[in-house]
Amino acid sequence: MTTASQVKTIGKEWSMILAGTALVALAYYLFMQPNEITAPGLGGVAVLLSYFLPLSLGLIYFLLNVPLFLLGYRFVGRKFVINSLVGMVSLSLFLWLFAFLPGWHQPLAGTFLGGIVSGAGIALVLRAGGTTGGVDIACVVINKIWPALTIGRMMIAMNALIVIASWLVSDVLHSIFTLISLVVAGKVVDVCMAWGQPKRSESHSEVSTTS
């Protein structure tokens with residue numbers, strides 16, 4: 001039976017997820033799309049595969065997400081998968097709702113602002129115990145297995161590989177802008193995830209004083 005405190009917790013988590021996905025969608029339309037900065041992640045993989053497979057982009061993206069959600073369920077848990085589904089659906093909703101917004105055509109500013117705002121949005125979703133789907137799930141699973149590899153660093157590494165591969169179908173300049181943007185986003189994610197958490201040295205000192 002769901003208690004009032006559990007309902008309150010779920011409401012808080014889903015509110016954070018909605019706020020985070022709204023920020024990600026805003027970053028895309030205001031800073032990334034108008035400056036031809038590619039949105040990294042599983043969408044980039046789907047776009048690349050669509051050049052070689054006779055399948056729709058939506059179907060490819062769905063098929064790529066299935067094993068990642070199964071991995072998330074196996075290593076993180078059911079609640080994580082549910083919150084990630086909320087994140088993926090709400091991001092799709094906000095991308096549809098915000099499509100009318102005019103963008104800011106300034107590549108350098110868009111690169112950094114897009115990374116900062118999208119990184120903050122992703123961090124909000126992660127701190128609520130979910131993801132926006134795709135590569136984010138893989139990063140959380142890897143961090144769960146190897147905690148030394150932070151989520152932000154994993155996002156930078158995985159998305160960098162995707163962007164480098166995208167050079168096959170896009171120009172180098174905009175790929176460089178995308179690389180810079182995703183590095184900024186990854187750094188922002190790590191900073192936001194570490195905010196308010198005890199430092200490793202502090203936790204070690206606490207253990208030593210209690211032993």
Separation of [Y] [atom2] from [X] [atom1] (nearest 0.5 Å):
X: F69; Y: T131; atom1: CZ; atom2: OG1; answer: 5.5 Å
X: I156; Y: T150; atom1: CD1; atom2: OG1; answer: 7.5 Å
X: L126; Y: M16; atom1: CG; atom2: CE; answer: 9.5 Å
X: I137; Y: L70; atom1: CD1; atom2: CG; answer: 9.5 Å
X: S118; Y: L113; atom1: OG; atom2: CG; answer: 10.5 Å
X: I151; Y: I122; atom1: CD1; atom2: CD1; answer: 10.5 Å

Criterion side chain to side chain contact (heavy atoms under 4.5 Å, CB included) on L101 and Y28, from CA distance to verdict = CA-CA 10 Å; L101 292 173; Y28 178 72; over 6 Å; no

Main chain of [Y], side chain of [X]: is a donor-acceptor contact present, judged purely on distance under 3.5 Å?
X: D190; Y: G152; answer: yes
X: N35; Y: W104; answer: yes
X: Y29; Y: L95; answer: yes
X: T178; Y: H174; answer: yes
X: R127; Y: C192; answer: yes

key: Among D136, L68, V76, the one residue meeting side chain to side chain contact (heavy atoms under 4.5 Å, CB included) with V141   = V76

key: Trace of the side chain to side chain contact (heavy atoms under 4.5 Å, CB included) decision for I116 with F31   = CA-CA 10 Å; I116 291 169; F31 307 119; over 6 Å; no

ILVMFWY network linking [X] to [Y], side-chain heavy atoms under 4.5 angstrom:
X: V24; Y: V191; value: no
X: L63; Y: I60; value: yes
X: L97; Y: V117; value: yes
X: F52; Y: L161; value: no
X: L26; Y: V89; value: no

query = Step by step, would you call I180 with I176 a side chain to side chain contact (heavy atoms under 4.5 Å, CB included)?
reply = CA-CA 6 Å; I180 295 171; I176 291 173; 4.1 Å; yes

message = Would M158 and I142 count as a side chain to side chain contact (heavy atoms under 4.5 Å, CB included) here? Give the steps.
response = CA-CA 11 Å; M158 289 187 175; I142 293 171; 3.1 Å; yes

Determine the minimum heavy-atom distance between [X] and [Y], stating which atoms define it.
X: M193; Y: A123; answer: SD-O, 3.9 Å
X: I17; Y: N83; answer: CD1-O, 3.6 Å
X: R153; Y: A148; answer: NH1-O, 4.0 Å
X: L30; Y: P102; answer: CD2-O, 3.4 Å
X: N65; Y: G134; answer: OD1-N, 2.9 Å
X: S175; Y: V163; answer: O-CG1, 3.5 Å

request  = Anything under 30° is parallel, anything over 60° is perpendicular, the rest tilted; go ahead and classify F94 against F98.
outcome  = parallel

